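Have a look at the structure below before the remarks.
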Amino acid sequence: MSDIALLPQVEAFLGRHHALFIDGRYVESQGSQTLDVINPATGRVIAQVSDATGGDIDAAVESSRRGFKQWSQAAPAVRGLVLLKLADLLERHREELAQIETCQSGKIIQISRAFEVDQAAHFLRYYAGWATKINGETITPSLPSFAGERYTAFTLREPVGVVVGIVPWNFSTMIAIWKLASALVTGCSIIIKPSEFTPLTILRVAELAIEAGLPAGALNVLTGGGQVGKGLIEHPGTNKVSFTGSVPTGIAVGRAAMGAGLTRATLELGGKNSAGFLRDIDTEVAVNGIIEAGFLHSGQICAAAERFFVHRSQIEPIMDSLAQRLGKLNIGSPLDERTEFGPVTHRQHQQKLGEFFVRARAQNNTIIHGGKLMEGPGCYVEPTIIFANRRDDALLNEETFGPIATFFPYDSEEELLDLMNDTPYGLSASLWTNDLGKALRMVPAIEAGTVWVNMHTLLDPAVPFGGSKSSGIGREFGSAFIDDYTELKSVMIRY
Ligand code: NDP
């Protein structure tokens with residue numbers, strides 16, 4: 001087992017002094033506070049970033065207002081072209097970006113390459129295609145004429161203004177790309193606030209965006225803690241927040257946005273997603289599905305399943321077979337191309353997962369596999385299978401955001417649906433069966449923004465994504481994002 005060598009440009013980037021990215025260039029923070037960026041695989045500090053101050057927020061917002069003025073006037077074809085060029089640049093710098101991402105997040109290098117770069121480029125190109133297709137409509141007014149006059153009407157789709165994009169640490173580049181692509185293609189400018197745990201890759205992407213032809217101020221990046229996001233939302237110069245993160249922070253963000261003069265808000269939040277396996281499913285298919293649904297990127301995926309419902313007659317063989325598979329996973333350094341399972345992204349998260357294990361033992365749940373933090377300087381957590389005692393058990397109801405699959409048996413399909421929906425959250429769910437007719441009849445009864453059948457977690461830019469119930473407000477992707485990033489202006493004419 002050995003790590004790939006870091007590219008010289010990655011070493012150089014990590015060794016740099018990282019300032020804030022405002023107005024198309026690096027600008028020193030007005031304060032002196034910095035935040036350490038720690039490689040979770042080694043526990044070592046790999047860089048420091050600025051913790052933006054109130055003055056930095058003002059400077060970024062001023063720049064973004066100027067950027068908005070200019071960018072909103074760019075022809076739609078030009079906007080599309082810049083996004084296409086940025087996609088090309090991401091691919092040209094694929095290995096560099098993937099390595100920076102792996103060093104800051106502990107994501108295994110194959111996932112950094114495939115999702116943070118390749119998928120991000122796919123999303124950019126998809127959004128670029130919308131640039132020339134965002135239109136209002138013509139409307140025939142409905143009321144009768146008073147004295148022979150006539151009326152006609154049409155709508156305009158206008159960019160909402162300066163967007164604040166607040167991004168979590170699990171997919172720091174891809175999620176930032178979803179937000180900046182939605183904003184830029186509709187003619188908005190955007191300020192990205194990355195998570196303090198993973199602020200580096202997006203700084204490099206911002207440089208590439210300028211190289212792609214984006215005018216200064218259309219994209220700014222402010223690093224820092226949660227208070228930077230709050231300050232941006234509450235700033236009178238920002239018009240919308242697009243937030244991805246946890247449910248409690250999302251609720252605070254929603255409140256702050258409404259309190260700041262009804263700043264528009266889309267909230268993509270977490271949840272506790274279910275996967276239901278119908279009785280006809282083969283054990284091997286189920287086990288592959290559970291690994292896909294629950295263990296990719298050590299379970300740190302908002303749409304990942306954490307509650308697994310299996311027919312009582314099959315639950316033991318499926319859990320046993322899963323335990324055998326997890327036991328063979330190659331756990332190791334995320335920079336080793338043979339590693340299949342890496343660390344979680346930061347120490348606090350590792351400790352939070354450790355507390356779930358303590359609670360599982362205290363509640364007499366059966367730990368079928370794993371259930372421990374791994375020793376050493378890295379933030380490793382064993383891939384874990386838990387059999388819950390009761391349906392109101394914490395492990396079955398609270399988001400862990402880690403590699404913990406909790407199982408519960410069901411007896412009838414009616415009970416399966418009841419269990420799957422018995423959560424305040426509704427981001428995603430999956431059904432696994434060979435009986436497509438049955439699946440299609442069950443899908444409408446499942447309370448989730450996305451329901452997958454015989455798959456889990458794959459997001460496609462053409463397919464809307466977002467949460468129902470407490471998992472959020474609004475949808476990304478498809479054409480659905482256009483409503484959230486534009487205001488609809490109605491124009492009525494008498495003649
Ligand atoms: P958090 O909610 O803790 O943080 C998300 C972002 O919000 C970070 O950039 C954070 O900054 C910032 N933030 C923190 N406090 C505030 C505040 N008061 N006002 C404004 N911004 C603030 O989530 P995590 O980063 O821990 O990410 C994990 C969560 O994200 C999980 O619950 C997961 O389910 C969810 N998620 C949802 C997705 C979806 O599409 N629905 C996709 C991916 C993740 P800082 O980190 O610097 O504190």
Side-chain angles (χ1 to χ4, degrees), residues 33 35-38 49-52 57 104-105 107 115-116 123 164-179 182 191-200 202 221-235 238 241-260 263 265-273 296-306 344-350 352-353 398-402 423 425-428 448-450 457 459 464-477 481:
Q33 297 293 320
L35 299 166
D36 288 342
V37 184
I38 296 172
V49 292
S50 305
D51 191 7
I57 292 174
Q104 71 171 355
S105 69
K107 187 173 288 130
F115 287 87
E116 299 283 37
F123 274 86
V164 179
I166 300 183
V167 178
W169 44 260
N170 64 331
F171 281 96
S172 80
T173 314
M174 188 173 66
I175 294 178
I177 292 283
W178 299 347
K179 298 193 184 308
S182 310
I191 306 171
I192 296 282
K193 206 304 273 178
S195 166
E196 63 195 281
F197 299 107
T198 52
L200 296 174
I202 189 63
V221 179
L222 277 193
T223 54
Q227 83 289 347
V228 177
K230 188 165 182 286
L232 285 166
I233 297 164
E234 289 173 348
H235 197 290
T238 60
V241 54
S242 174
F243 172 85
T244 299
S246 63
V247 174
T249 312
I251 291 171
V253 162
R255 282 209 181 100
M258 291 306 104
T263 289
T266 29
L267 306 172
E268 291 293 343
L269 311 181
K272 189 77 183 173
N273 308 307
L296 194 68
H297 189 24
S298 300
Q300 301 169 114
I301 300 183
C302 56
E306 294 196 0
V344 298
T345 293
H346 59 88
R347 183 71 66 203
Q348 292 95 308
H349 189 44
Q350 186 203 32
K352 186 185 114 182
L353 294 169
E398 291 175 27
E399 184 186 40
T400 68
F401 210 53
T423 163
Y425 309 112
L427 184 60
S428 72
T450 295
T457 314
L459 300 184
F465 178 70
S468 61
K469 296 169 46 179
S470 296
S471 287
I473 296 176
R475 292 290 181 273
E476 304 199 85
F477 318 156
F481 81 96

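The structure displayed is predicted, hence computed values, not measured ones. For ligands, and for the atoms within them, numbers begin at 1 and follow the listed sequence.
Summarising the geometry of Ala256 relative to Glu234, their closest heavy-atom pair is CB-OE2, 4.0 Å, with the distance given to 0.1 Å. The two residues Leu200 and Gln104 have their closest heavy-atom pair at N-OE1, 2.8 Å. Listed here is the closest heavy atom pair of Pro168 and Ser195: C-CB, 3.8 Å. The shortest heavy-atom contact between Val221 and Ile202 is CG1-CG2, 4.0 Å. When all heavy atoms are compared, the tightest approach of Phe481 to Ser182 is CD1-CB, 3.6 Å. Taking both residues in full, the closest heavy atoms of His297 and Asn170 are given as NE2-O, 3.2 Å, listed atom of the first, atom of the second, then distance.
Looking at Val253 against ligand 1, only its side chain comes within 4.0 Å, counting heavy atoms. Contacts between Thr244 and ligand 1, counted as non-hydrogen atom pairs separated by less than 4.0 Å, involve both the backbone and the side chain. Under 4.0 Å from ligand 1, the heavy atoms of Phe401 that appear belong solely to its side chain.
Near Lys230, with a cut-off below 4.0 Å to any heavy atom, the atoms of ligand 1 are 19 (N), 20 (C). Interface atoms of ligand 1 facing Ile175, defined by a heavy-atom separation under 4.0 Å, are 42 (C), 43 (C). Each of the atoms 40 (O) of ligand 1 lies under 4.0 Å from some heavy atom of Phe465. The atoms of ligand 1 that sit less than 4.0 Å from any heavy atom of Leu427 are 41 (N). Within ligand 1, the atoms closer than 4.0 Å to a non-hydrogen atom of Phe243 are 2 (O), 5 (C), 6 (C), 7 (O), numbered from 1 in the order shown. Taking every non-hydrogen atom of Asn170 and a distance limit under 4.0 Å, the qualifying atoms of ligand 1 come out as 43 (C), 44 (C). Close approach to Ile166 involves these atoms of ligand 1, each under 4.0 Å from a residue heavy atom: 6 (C), 7 (O), 9 (O), 12 (C), 20 (C), 21 (N). Interface of Gly224 with ligand 1, defined as ligand atoms under 4.0 Å from a residue heavy atom, comprises 47 (O).
The protein heavy-atom contact nearest to atom 35 (C) of ligand 1 is Gly245 O, 3.1 Å. The shortest contact between atom 48 (O) of ligand 1 and any protein heavy atom is with Glu196 OE2, 2.9 Å. Of all protein heavy atoms, the one closest to atom 46 (O) of ligand 1 is Ser195 OG, 2.9 Å. The protein heavy atom nearest to atom 24 (P) of ligand 1 is Trp169 NE1, 3.4 Å. Among all protein heavy atoms, the one lying closest to atom 16 (C) of ligand 1 is Thr249 CG2, 3.4 Å. Scanning the protein heavy atoms around atom 27 (O) of ligand 1, the nearest turns out to be Pro168 CB, 3.3 Å.
Of the possible donor and acceptor atoms, none in the side chain of Glu196 sits under 3.5 Å from a partner among the backbone N and O of Leu35.
A heavy-atom separation below 4.0 Å is not found between Gly250 and ligand 1. For Gly225, the closest heavy-atom approach to ligand 1 falls below 4.0 Å. Taking 4.0 Å as the cut-off, Val241 does not count as a neighbour of ligand 1 on heavy-atom distance. Using a non-hydrogen distance threshold of 4.0 Å, Phe171 does not register as a contact of ligand 1.
Between Lys272 and Thr400 there is a side-chain heavy-atom pair separated by less than 4.5 Å. A 4.5 Å side-chain heavy-atom check between Phe197 and His349 finds every atom pair outside the cut-off. Within the 4.5 Å cutoff, the side chain of Phe465 has heavy atoms near those of the Leu427 side chain. Considering only heavy atoms from C-beta on, Pro194 comes within 4.5 Å of Thr223 through its side chain. Counting heavy atoms from C-beta outward, Ile233 and Ile166 have side chains that approach closer than 4.5 Å.
For ligand 1, the polar-atom distance check against Leu269 finds a nitrogen or oxygen pair separated by under 3.5 Å. Below 3.5 Å of separation, one finds an N or O of Ser246 facing an N or O of ligand 1. Close N/O approach between Glu399 and ligand 1 is found [any backbone or side-chain N/O within under 3.5 Å]. Considering backbone and side-chain N/O of Val167, one or more are found under 3.5 Å from N/O of ligand 1. Close N/O approach between Lys193 and ligand 1 is found [any backbone or side-chain N/O within under 3.5 Å].
Around atom 42 (C) of ligand 1, the closest heavy atom drawn from Gly472, Gly271, Cys302, Gly466 belongs to Cys302. Selection from Ala256, Gly226, Gly231 by nearest heavy atom to atom 22 (C) of ligand 1 gives Gly226.
There is no protein heavy atom less than 4.0 angstrom from atom 4 (O) of ligand 1.
Within 6.0 Å of CD in Gln33 there are 12 or fewer heavy atoms belonging to other residues, nucleotides or ligands. The number of heavy atoms from other shown groups lying within 6.0 Å of CD1 (Ile473) does not exceed 12.
Applying the side chain to side chain contact (heavy atoms under 4.5 Å, CB included) criterion to Glu116, with sequence neighbours excluded, gives Glu101, Lys107, Phe171, Ser172, Thr173, Met174.
A side-chain donor from one of Lys179 and Ser242 sits under 3.5 Å from a side-chain acceptor of the other. For the 3.5 Å distance criterion, the side chains of Glu476 and Thr266 fail to qualify, holding no donor opposite an acceptor.
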